[in-house]
Amino acid sequence: MSDTIEKVKCLIIGSGPAGYTAAIYAARANMSPVLYQGTQPGGQLTTTNEVENFPGYPEGVTGPEMMMQLQAQAQRFEADIRDGWITKVDFSGDVHKVWVNEEKEIHCDTVIISTGASAKYLGLDSEQKYLKLGGGVSACAVCDGFFYRNQEVVIVGAGDSACEEAHYLSKLCKKVTMLVRRDEFRASKIMATRVKNTENIEILFNTETDEVLGDGQVVTGVRVINNKTNEKHEIEATGFFVAIGHKPNTDIFKGFLELDETGYIINTPGTSKTNIEGVFVSGDAADHVYRQAVTAAGTGCMAALDAERYLAAKDATFEVSTSSYN
Ligand SMILES: Cc1cc2nc3c(=O)[nH]c(=O)nc-3n(C[C@H](O)[C@H](O)[C@H](O)COP(=O)(O)OP(=O)(O)OC[C@H]3O[C@@H](n4cnc5c(N)ncnc54)[C@H](O)[C@@H]3O)c2cc1C
């Protein structure tokens with residue numbers, strides 16, 4: 001083994017709520033975790049100003065503030081938090097190999113994957129402008145719908161998730177306009193029917209977003225275009241929701257881990273275990289259903305406990321700590 005190879009008991013990839021929670025538990029269980037933050041230290045929540053649904057913050061908290069607190073909590077127990085991007089893995093042998101920034105090689109007893117998923121956006125300049133301003137563009141109805149109570153919103157998408165999010169919004173908002181690019185939904189019949197039967201959801205088929213309109217600070221409407229007639233018109237709205245899917249950040253695991261057709265890592269139900277022993281997954285990288293900070297944190301805890309038990313079973317000298325449960 002060359003000098004440049006580091007040996008690590010527990011390597012955590014990703015610094016969102018899943019990764020940091022795994023680090024807190026692993027550090028308190030004497031697993032000396034090393035966590036690589038990736039290009040988005042703190043994960044997806046660092047892109048939002050208001051988190052009102054994470055337990056323990058009665059007044060709400062900004063995403064960056066919450067993630068700094070999670071990092072500090074992990075560091076309090078001496079988790080080793082590092083800059084770096086995992087560019088390659090090799091899970092084919094007994095030792096799990098991971099490369100950082102294409103250079104540094106690490107051999108790991110256990111790996112916890114917490115690489116999250118990225119929401120897809122349309123890519124319009126106006127959409128990105130108001131997304132970055134926090135001014136009314138969102139890819140998460142459950143996270144942000146509450147801020148649009150009794151207001152009019154537009155949602156783009158045609159799949160099951162889009163239908164579910166539109167239905168969720170319809171219970172909070174005065175009116176939901178749903179833009180569907182084709183002349184039919186991609187969603188299952190039952191989901192499409194539920195949306196069609198909801199009084200305050202208007203569905204515009206063959207309709208695409210031409211521009212997100214705003215006053216420079218916040219969204220005020222959406223200009224849409226009918227892709228059959230090329231006619232354009234404007235819809236008043238204070239919120240613009242994009243529900244066209246997510247891309248899990250799991251490309252580097254292809255060929256080693258079982259992924260579903262979208263790229264989510266498949267875990268053994270009720271656990272964080274993957275098809276490779278000693279490799280565990282937590283957070284949005286394996287979750288196309290809930291995609292919330294609290295569920296990511298919960299599965300981060302599961303991954304650390306599963307990794308701890310795996311180590312204990314493999315190595316009689318490594319004792320399962322009781323500290324995880326205190
Ligand atoms: C705008 C917005 C607002 C939201 N608001 C809320 C809300 O109010 N409440 C709520 O519960 N949820 C909210 N969510 C959802 C929530 O952010 C996610 O469910 C949660 O962050 C998922 O956590 P995670 O740890 O799985 O992954 P993420 O937060 O996505 O973090 C992934 C981490 O992995 C790292 N990474 C990825 N690939 C690599 C690699 N190859 N090497 C090293 N590191 C890597 C990234 O740098 C990042 O640190 C919101 C999401 C968005 C986008």
Side-chain angles (χ1 to χ4, degrees), residues 11-24 34-57 60-67 70-71 74 81-89 98-102 104 106 111-121 127-128 130-147 165 239-243 246-254 263-265 267 272 280-303:
L11 186 88
I12 301 169
I13 311 176
S15 56
Y20 281 144
T21 304
I24 293 166
V34 171
L35 179 151
Y36 278 92
Q37 293 182 309
T39 49
Q40 192 177 42
Q44 292 176 59
L45 277 188
T46 56
T47 64
T48 185
N49 283 328
E50 289 174 280
V51 181
E52 291 193 331
N53 54 11
F54 198 88
Y57 295 97
V61 61
T62 69
E65 168 75 14
M66 187 179 127
M67 295 317 299
L70 278 182
Q71 177 175 342
I81 313 286
R82 301 180 184 173
D83 283 343
W85 183 252
I86 305 305
T87 43
K88 194 171 90 167
V89 301
V98 166
W99 283 263
V100 185
N101 300 332
E102 285 177 5
K104 187 180 168 59
I106 303 183
V111 177
I112 296 178
I113 298 167
S114 314
T115 49
S118 309
K120 292 183 190 163
Y121 290 93
E127 169 205 60
Q128 291 302 307
Y130 289 104
L131 174 69
K132 286 189 184 115
L133 284 170
V137 173
S138 170
C140 180
V142 176
C143 313
D144 296 330
F146 191 74
F147 302 120
E165 301 218 346
F240 180 70
F241 287 85
V242 187
H246 284 74
K247 185 182 180 323
N249 303 316
T250 58
D251 286 353
I252 52 170
F253 308 114
K254 272 184 198 153
Y264 287 98
I265 296 171
N267 57 306
S272 66
F280 305 89
V281 63
S282 59
D284 285 12
D287 176 12
H288 58 90
V289 180
Y290 301 106
R291 290 194 296 248
Q292 292 295 290
V294 70
T295 46
T299 53
C301 156
M302 288 165 65

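Order of listing sets the numbers, starting from 1, for every ligand and every atom in it. FYI, side chains are in, hydrogens and waters are out, and symmetry mates aren't considered; it's all heavy atoms of this structure.
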So which residues, sorted by chain and number, lie with a heavy atom under 4.0 Å of ligand 1? Ile13, Gly14, Ser15, Gly16, Pro17, Ala18, Tyr36, Gln37, Gly38, Thr39, Gln40, Gly43, Gln44, Leu45, Thr47, Thr48, Glu50, Val51, Asn53, Gly84, Trp85, Ile86, Ser114, Thr115, Gly116, Ala117, Cys143, Ile252, Gly283, Asp284, Arg291, Gln292, Ala293, Ala296

Beyond-backbone contact of Val51 with Glu65, side-chain heavy atoms, under 4.5 angstrom: no

With rounding to the nearest 0.5 Å, note down the distance linking CZ in Arg291 to CD in Gln44. 9.0 Å

Excluding sequence neighbours, so at least two apart, what forms ring pair (Phe, Tyr, Trp, His ring centres under 6.0 Å) with Phe241? Tyr148

For residues Pro41 and Thr46, determine if any side-chain heavy atom of one lies less than 4.5 Å from a side-chain heavy atom of the other. no

Say whether Thr299 and Ser272, considering side chains only, have a donor N or O and an acceptor N or O under 3.5 Å apart. no

Separation between OH (Tyr36) and NZ (Lys104), nearest 0.5 Å, reads 5.0 Å

